[in-house]
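Sequential numbering from 1 along the given sequence is applied to the chain's residues. Being a predicted model, the structure only gives us computed values, none of them experimental.
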Amino acid sequence: MKDPIELGLVDEARLESKLYGRIIAYNPTIELFAAAASHSTLQIWRMNNQIVAQNSQRGERVSVQAVRWKPDGQFLAVGWSDGVVRLMGLETNKAVHQMTIGGAGKPNITSIGWAQNLAGKHPASAAQPSIKTWEQLASQGLDLVNKKSAAHLPRELTFLEIETALPKLSPLPASGGSGDDTFVFTTRASLEFLFRPFSQDDSDKVDVMIVGTDDGQVHISIYDSFVIGSFRYSLPRSLGTQTGLQLCASASHLELSTHTLVFRPSTGDKTKVLYLVPMDLTFIHSSPENLSLLASKTTTLQKLLRYVKQVQIHMLHEWQSTRELPNRFLKSINETLQEAEAYGEMNIGQAMYHSVVTGHTFPEVKEWLVDQLAERGHKRWDKAVVTGLQTLRSLVHENFLPALERISIILSRLLGIARFHGSKAEIGFTSAQIMKVMDVVSCSMLVGNKILLFVMEELELFHAFSIWLRHEIDRLASSSTTDELTEKEASMEHGKILAYIQQYMPASPLGCYLSGVTAEDVERDRKLADSGSSLLELLGKQISKQEAGRPDDSSYAQVEFLCKYLEIQANGVLEGIAEAERRSVRFGQSTKILLDHNVSRFDVRLSATQVGDSWRAITHTALITEGNDSQVYIFRTSTSITNGISSAVTAELSCMTFGDGKILDLKFLYEDSLLVLWMPKGSGSSPLRLIRIPHKSEDLGYELYTAGGQVTPHELTNEQVSSVFLNMTVPCPPGFIPAQMEIKEASAERGRLPPRMCLLGSDMQTYKVFALPDDPFGEALKSI
């Protein structure tokens, strides 16, 4: 018997207030942890109690329900009671992605799982190095260690990132946006985080998120935010009475596209029954090499569409700001001229034109310029127009057009994929659909350049008009004409002044592109565009009519219409891709676990062994019950997986009783260790212990299991628990009782981090992190 290993305390945090609902998760790669500080507030802390980020949702009834870090630690998924999973990035407090789970009923989110799978067929033999003769090796040169393998040209071309050669997207103004993405694109750090270039190292990996709800739905998404869809699992009739289920956990393995789902009845807070169900994501196993390219590009496309939508909102806001104040001024004097009843239907534009040409100013206009508008009003007018137009110019030049260029590049990649595959059945979209989207992008770029030209022209003309307007105010307010005023008047560009008064002041040409559109207009013009007509041709006809001065009530030239239509067309492509993947999701044979007492804690782990061309998937489910907190049940279910499809399942059970102590929690670490947090009786003299069980060992005495069946437990005394298994003592002060345990594997993503055990105290305020041994317990192991 070896002496127990004493774990070292790495970090400890003491929070000011109690955590809500035991909702807490430690980052797998960085020393951060996220938790529900209250029912409606999610916070991320460093271990020194410093708050790194905070996120709250509007509405008192919206509460945090589940949290899960992405395996690389870059994103935090937060499930809220409004039925939305929001993804928080490390670079921003705001949700960078949002996924609505379920329908309008807003089901409660019960589980979030995030894992990584290898895409495509990857037999172990493919990873074995080839055998070469000494002559072959010698011919390659002596520096074999540093010799690089030859590039795989088709693969290199497939994953070539053209977007990295483009200028970076610019952040949007902090004000003027709308909706959930108002602040997502407002900082450089947030943009760089969202639009990170795709890495070839990840080209064979698929990130899979599985979210469960209390109405029995399983929501699947890949690559952070690409939604595959929702599925509702129902029990087979062979398992007895049909009952509503809810997902409470899931397990995965890098080599397998099959995941293990753990369901429980949705009625009641406690249960004696669990169901283990294999879920086959065959689209991952059978995917072509470009699945990762397809998914990454479509995910980036979704982000760009959100970005363009926010840019469009900002553009309309800035355009309205350039017109709002001047229109108020002009409306005031127009009403005065109408009330005078001395000038017929003359408006302020005609009156100003008269003043520019003749030098004569009507009395009402003079009073308005000198007494109402004056120097202060002119400055406000000038600032509103110039600032608004300059910001609009920047939005088009630095945000709108660059984003459309990136979208067009992504669409060209998707077009190549569509032409390569030919059939829609495999990838979910056709080249004709992509061409339709590209048509909308071309129209949007045309309109963007038109806006840019008109903005530049209006800025030039308004500059001349503004100088003249200020001159008129000064001239009319002065009792005599000075040499300075005469000199200024001689230098004015009267042609530009008249052009502004005629063409831009009453109704700017920009209104043809930046006025709002109604839902009825969008629907009417969308139907015509969907009927087969080229949108570019329809837009060209409308622009020709506008330039000829003929009326046209179509909305094809409106930025708002184009952005909405682009979203509709792109969503059709994205939905087609998701539908193709949804057809490849199937549920396998379920295993029912029926116990005498309610389950209090459980954990699940999936491991894999290759057998020829197939895989053997083994799921270990460890649990304890409320009726006997010194007894551990370990269920072992195994199935064969061929071509990504699981077959019949066999179930076995091992049961152990741990002396007269109390098991507080249990979690798996790696594929060979079940860690049990055990408190011996009279813990004042016996410290808290972490017991390592080699759960894959055949010495545990697994027996075949059927639902409700019983096995004879292995009765262990306290001394046997200490001698048979590896024991680790957990140094804790008197009175500290763990309420929850979390285990994290070693990580080298951002510096070397050992395996860690995280304990939340029963006071819901104390959080301790201990380092586990670097050696995966190899030397100290003893079998039963």
Tell me, with the steps shown, if E581 and R583 meet salt bridge (charged side-chain N to carboxylate O under 4.0 Å, His left out). CA-CA 5 Å; E581 313 300 12; R583 291 195 295 267; over 6 Å; no
Against [X], only a single residue in [options] fulfils side-chain contact (heavy atoms from CB on, under 4.5 Å); can you say which?
X    : options                : answer
S555 : D521, L562, T518       : D521
R264 : V273, L247, T271, L245 : T271
V78  : V67, V84, I23, V85     : V67

Does [X] have any side chain to side chain contact (heavy atoms under 4.5 Å, CB included) partners at least two apart in sequence or in another chain, and if so, which?
X    : answer
K70  : D72, F75, W114, D207, D224
E523 : R526, K527
T430 : K424, A432, Q433

Locate the shortest heavy-atom distance separating [X] from [Y]; write the atom from each residue and the value.
X    : Y    : value
L256 : A617 : CD1-CB, 3.6 Å
L169 : A403 : CD2-N, 3.8 Å
K297 : L414 : CB-CD2, 4.4 Å
G588 : V277 : O-CG1, 4.1 Å
A529 : L538 : CA-CD1, 4.1 Å

Tell me yes or no: between the side chains of [X] and [Y], is some donor less than 3.5 Å from an acceptor?
X    : Y    : answer
S56  : T41  : yes
H259 : N117 : yes
D439 : Y565 : no

Contact between [X] and [Y] at the side-chain level, heavy atoms closer than 4.5 Å - yes or no?
X    : Y    : answer
I284 : L281 : yes
H219 : I109 : no
L411 : L415 : no
N399 : Y307 : yes
I618 : T637 : no
V218 : L261 : yes
F193 : Q74  : yes
S225 : Q302 : yes

Are any of the side-chain nitrogens in R605 or E671 under 4.0 Å away from the carboxylate oxygens of its partner? no
In plain terms, say whether E520 and R524 are close enough for a salt bridge, that is, a side-chain N and a carboxylate O under 4.0 Å apart. no
Applying side-chain hydrogen bond (donor to acceptor under 3.5 Å, both in side chains), name anything that partners S638, two or more places apart in sequence or on another chain.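 So S638 forms a side-chain hydrogen bond (donor to acceptor under 3.5 Å, both in side chains) with T650.
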Which residues pass the salt bridge (charged side-chain N to carboxylate O under 4.0 Å, His left out) test with [X], not counting sequence neighbours?
X    : result
R419 : none
E567 : none
D82  : R86
K309 : none

Going from SG on C248 to CG on L274, what distance comes out if it is rounded to the nearest 0.5 angstrom? 5.5 Å
So, taking the atom named OG1 in T621 and the one named CZ in F602, what distance separates them when rounded to the nearest 0.5 Å?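 If I round to the nearest 0.5 Å, the distance is 8.0 Å.
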So T619 and T260, side chain to side chain donor-acceptor pair (under 3.5 Å) or not? Walk me through it. CA-CA 7 Å; T619 301; T260 298; 2.8 Å; yes
K564 and E560: salt bridge (charged side-chain N to carboxylate O under 4.0 Å, His left out), yes or no, with the steps? CA-CA 6 Å; K564 287 181 178 179; E560 185 176 0; 3.3 Å; yes
Counting distance only, does the side-chain N/O of [X] pair as donor-acceptor with the main-chain N or O of [Y] below 3.5 Å?
X    : Y    : answer
R68  : I112 : yes
W615 : S640 : no
N27  : I30  : yes
S190 : T187 : no
N108 : T213 : no
R306 : L301 : no

Tell me which one of T282, D280, T639 satisfies side chain to side chain donor-acceptor pair (under 3.5 Å) with S646.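 Exactly one pass, corresponding to D280.
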Could you tell me which residues satisfy ring-ring contact (aromatic ring centres under 6.0 Å, His included) with [X], sequence neighbours excluded, listed by chain and number?
X    : result
H620 : H695
Y26  : none
H314 : none
Y233 : F263, F587

For E745, is the CD atom crowded, meaning more than 12 foreign heavy atoms sit under 6.0 Å from it?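 Yes, the 6.0 Å shell around CD holds more than 12 heavy atoms from other groups.
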Can you list the steps and then say if S614 with T642 is a side chain to side chain donor-acceptor pair (under 3.5 Å)? CA-CA 5 Å; S614 300; T642 305; 2.9 Å; yes
Taking it one step at a time, do D525 and Q558 satisfy side chain to side chain donor-acceptor pair (under 3.5 Å)? CA-CA 11 Å; D525 293 334; Q558 292 290 341; over 6 Å; no
Could you please spell out the steps behind the side chain to side chain donor-acceptor pair (under 3.5 Å) verdict for S266 and D214? CA-CA 6 Å; S266 56; D214 61 359; over 6 Å; no
Begin with the C-alpha distance, continue with both residues' side-chain angles, and end with the deciding distance and a verdict on side-chain contact (heavy atoms from CB on, under 4.5 Å) for C563 and F400. CA-CA 11 Å; C563 289; F400 190 64; 4.1 Å; yes
